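Everything numeric in this text was worked out from a predicted model, so none of it was measured.
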Number of protein chains: 2
Amino acid sequence: MATIKDIAKKAGVSITTVSRALNDYDDVNAVTKKKILDIANEIGYVPNRSAQNLVKKKNNTLAIILSGLEPDGGKDNIIYRLLSGMYRYAESVNYEVVLYTTSSAHQREKTYVQFCKEHNIGGAVLNGIKMDDPYFYELMESNLPCVLIDILAQGENTSSISINNLEASREATELLIQHQHTHIGMINGRREAAVSLERYRGYTKALENNKIAVNHDYIVYADYLEDKAYSKTMDLLKKYPKMTALFCASDMMALGAMKAVRQLNLRVPEDISIIGFDNIPLSEHMTPPLTTVDQDFYIMGEKAAEQLLKMIKKEAYKKNIILQHKILERKSVSML
Amino acid sequence: MATIKDIAKKAGVSITTVSRALNDYDDVNAVTKKKILDIANEIGYVPNRSAQNLVKKKNNTLAIILSGLEPDGGKDNIIYRLLSGMYRYAESVNYEVVLYTTSSAHQREKTYVQFCKEHNIGGAVLNGIKMDDPYFYELMESNLPCVLIDILAQGENTSSISINNLEASREATELLIQHQHTHIGMINGRREAAVSLERYRGYTKALENNKIAVNHDYIVYADYLEDKAYSKTMDLLKKYPKMTALFCASDMMALGAMKAVRQLNLRVPEDISIIGFDNIPLSEHMTPPLTTVDQDFYIMGEKAAEQLLKMIKKEAYKKNIILQHKILERKSVSML
DNA sequence: TTGTAGGCGTTATCAA
DNA sequence: TTGATAACGCCTACAA
């Protein structure tokens, strides 16, 4: 592996000069510089990042921290889109992105903070982390710049990005109501998730706005899991035959719900109307195509990275970024 | 940021002893060790990876190199599954994974090799890289351990992993033939891709085995793109009304093909039978559910990482790993 | 069982 | 415009 020392020797100059030339300082003789650059090129010199990081304190790296990378996960394509948005922005400002994830299988002994500190990471984007994760708190305390996706920022060096989940859910539920539904169930996500609460609030708000009594037995939690949504929907529909519509807090759960409806020999949307959340690639291919709330995770990833960079550079930044959402009407909701 | 120096001072020992204690050497007094560990814990010591990497030469990091991370991509979930498989294995042996990608937008000036060398990366898994990529050649030459997905290994320090694409394609085509189809079109992927050639061969082999003449006008290339498959299928079906079946080299292309069939007021499978390739999450939700060739990218990712580790550790390894595939019969193929 | 000292590849400070 | 030299944080002979 070639080093600046090798270049120095070959060029007959000191390593200092080589370093300066390589870093494009202006206090190097143009001829010397060219010579050095040529040699570097010739012997295939590549700077050693570890050495650079050791002496400079930062290393132009962003982290994306995920709650897990499950073998059967990813069907919603959310992580992919988040990731590509982040990469896209990071690349444009010459930053790199590393991905860190805690597995549910091996309980990792290492915390997020440890990972970030070990690697001199400037800041992190967090997705899918539970607020009751013990490591989460530590991260918040660490004053490492963090952008939280779908959790409102609280700590010092944190900010957040999401759509207006309450509003979006209100609109979704409202759509059902506009179609004359009054017995509307909600398949919510993980009880502990901040978004779940927001979406619950939007749901109840819509009902209240329309003078429909909120029935808490109509609300179930399926942890954003397709299978769980399937079984919970089965229970719900069997128990409350009056129910004619379902608001699902994710498209993956809507998929499970649809399956349950079919299993019960009912039809979507003729018997049961369903509206989902996220607009995942799958949703337009469901039978029938799913009416849902669209949110753009690519842009979310991009903005998150942009935001993170502002925080790292101590520039002014908005504490909470709210992105646009939109209701996408397809075929899974019909008039009662 | 606390360093071993801080610990040493606090413990009243030399940094050497601290280093030894931290690295769990056995030539440290148990009492001393405990004291050091306690202090380290107390002041929240985290080792500096850059410093470690600088002195040790390797750094327990694997790279996964992708051809790109497109905003509208990822729908096939392949990268996600590859990634999670790799992470899963890497984690079990205490390795980290970094993701590197060349964007099509900004033409990155940095090569894969540069990236890997800069970061002291032990080895890389490559996916979706074109063989005519100029950087690809450089990587092969670099004698950095590489595992290629879906490209047969050629160089010194490279190996490959894939299913038997020829066989899988032959079986897929054979299935069509078993259903009495004789006018079978093929929607192939990128002309330059190694897999495309393999799949082409499997297709022709099946035809030949059954004494059906290969008609080269029946074969089109759609670069694994849904939209392109759509328009190519339109052309194909309009031009050759005798065609009754289509073998698509990816499920995403099958999706485009299905759309074209529908657009022409034909039905799948009554008028046109379709078989895909990959078994992406979407395929079972298509209308009708897609008959396809299943390959498990999670396992592929896992095996790739395992393989890479063997190469890095100079252990014996198989040059080409062939994984199992299987034909998944759903509803998109019917008897003529 | 412990400490001293040298070095990993760079950058940065100072002096020449 | 250049060159010594001292860091950066850690590991590892070698010596004690």
Side-chain angles (χ1 to χ4, degrees), chain A residues 1-37 39-41 43-61 94 96 114-122, chain B residues 1-37 39-40 43-61 94 96 113-122:
Chain A
M1 199 78 299
T3 72
I4 53 170
K5 231 184 242 175
D6 300 323
I7 301 178
K9 210 184 304 171
K10 243 193 158 156
V13 295
S14 74
I15 59 165
T16 312
T17 305
V18 174
S19 176
R20 276 195 281 246
L22 256 22
N23 289 294
D24 206 31
Y25 280 50
D26 45 3
D27 57 352
V28 222
N29 183 295
V31 182
T32 321
K33 184 188 277 185
K34 177 162 178 13
K35 185 157 117 193
I36 290 173
L37 260 25
I39 293 177
N41 213 43
I43 67 177
Y45 167 78
V46 171
N48 181 322
R49 278 297 244 269
S50 301
Q52 286 180 326
N53 292 171
L54 187 56
V55 48
K56 315 211 280 214
K57 286 304 203 169
K58 49 149 191 176
N59 68 1
N60 290 18
T61 306
N94 241 297
E96 279 170 10
Q114 262 176 47
F115 176 80
C116 291
K117 289 196 171 170
E118 274 185 13
H119 291 270
N120 266 178
I121 282 171
Chain B
M1 200 76 300
T3 73
I4 53 169
K5 226 184 247 174
D6 300 323
I7 301 179
K9 209 185 304 170
K10 242 191 160 160
V13 296
S14 74
I15 60 166
T16 312
T17 306
V18 175
S19 175
R20 276 196 279 247
L22 256 23
N23 290 295
D24 206 31
Y25 279 50
D26 45 3
D27 57 351
V28 222
N29 183 295
V31 181
T32 321
K33 183 188 278 185
K34 177 162 178 13
K35 185 157 116 194
I36 290 174
L37 259 26
I39 294 177
I43 65 177
Y45 167 77
V46 171
N48 182 321
R49 278 298 243 271
S50 301
Q52 286 180 327
N53 292 337
L54 188 56
V55 48
K56 314 212 280 213
K57 287 305 203 164
K58 49 149 194 176
N59 68 1
N60 289 18
T61 306
N94 241 299
E96 280 170 11
V113 180
Q114 262 176 47
F115 176 81
C116 291
K117 289 196 171 170
E118 274 186 13
H119 292 269
N120 266 177
I121 281 169

How would you label the contact of [X] with the nucleic acid (heavy atoms, under 4.0 Å): base, sugar-phosphate, or nothing?
X	answer
B:Thr3	sugar-phosphate
A:Asn29	sugar-phosphate
A:Thr32	sugar-phosphate
B:Val31	nothing
A:Asn53	nothing

Under 4.0 Å from OP1 or OP2 of [N]: is there any side-chain N or O of [X] that close?
X	N	result
A:Ser19	C:dT11	yes
B:Asn23	D:dC11	yes
B:Ser14	C:dT2	no
B:Tyr25	D:dA13	no
A:Lys57	C:dT11	no
A:Gln52	C:dG9	no

Handout entry: Distance in Å, A:Ile15 CD1 paired with A:Ile4 CD1, rounded so as to fall on 0.5 Å steps
Key = 4.5 Å

Practice task
For A:Leu22 and for B:Asp26, locate the closest nucleotide of DNA chain C by heavy-atom distance; then report the residue assigned to the nucleotide nearer the 5' terminus.
Solution key: B:Asp26

Completion exercise
Heavy-atom nearest nucleotide on DNA chain D taken for A:Ala51 and for A:Lys33; more 5' hit belongs to A:Lys33

Problem - B:Pro47 or A:Ile15, whichever maps to the more 5' nucleotide of DNA chain D - result: A:Ile15

Spacing between [X] atom [atom1] and [N] atom [atom2], to the nearest angstrom:
X	N	atom1	atom2	result
B:Lys117	C:dG9	NZ	P	14 Å
A:Lys5	D:dT5	NZ	C1'	13 Å
A:Asn48	C:dG9	CG	P	7 Å
B:Ile36	D:dC10	CD1	P	13 Å
B:Glu118	C:dT10	CD	P	10 Å
B:Asp27	D:dA15	CG	P	16 Å
A:Lys58	C:dA12	NZ	P	10 Å
B:Arg20	D:dT12	CZ	P	10 Å

Handout entry: CA sep, side-chain torsions, deciding dist, call: A:Asn59, A:Arg49, side chain to side chain contact (heavy atoms under 4.5 Å, CB included)
Key = CA-CA 8 Å; A:Asn59 68 1; A:Arg49 278 297 244 269; 5.8 Å; no

Fill in the blank from the handout: Tested for side-chain contact (heavy atoms from CB on, under 4.5 Å) against A:Val28, the lone hit among A:Thr16, A:Val13, A:Thr17, A:Val18 is A:Thr17

Problem - Distance-only donor-acceptor test, A:Thr16 side-chain atoms vs D:dA4 base atoms, 3.5 Å - result: yes

Exercise for the section: Could you tell me whether the side chain of B:Arg49 has a donor or acceptor atom within less than 3.5 Å of a complementary atom in the base of D:dG9? Expected result: no

Exercise for the section: Any chance you could lay out the side chain to side chain contact (heavy atoms under 4.5 Å, CB included) test for B:His119 and B:Thr61, step after step, and finish with the verdict? Expected result: CA-CA 8 Å; B:His119 292 269; B:Thr61 306; over 6 Å; no

Exercise for the section: Report the nucleotide, chosen from D:dC11, C:dT10, D:dT2, that has the shortest atom-to-atom distance to any side-chain atom of A:Ile4. Expected result: C:dT10

Exercise for the section: Measure from the side chain of B:Leu54, starting at C-beta and using heavy atoms only, and say which of D:dG9, C:dG3, D:dG3 lies closest. Expected result: D:dG9

Handout entry: Other residues, nucleotides, ligands: >12 heavy atoms within 6.0 Å of A:Lys33 NZ
Key = yes

Practice task
Mark yes or no for whether A:Asn29, through its side chain, and A:Val31, through its backbone, hold a donor-acceptor pair below 3.5 Å.
Solution key: yes

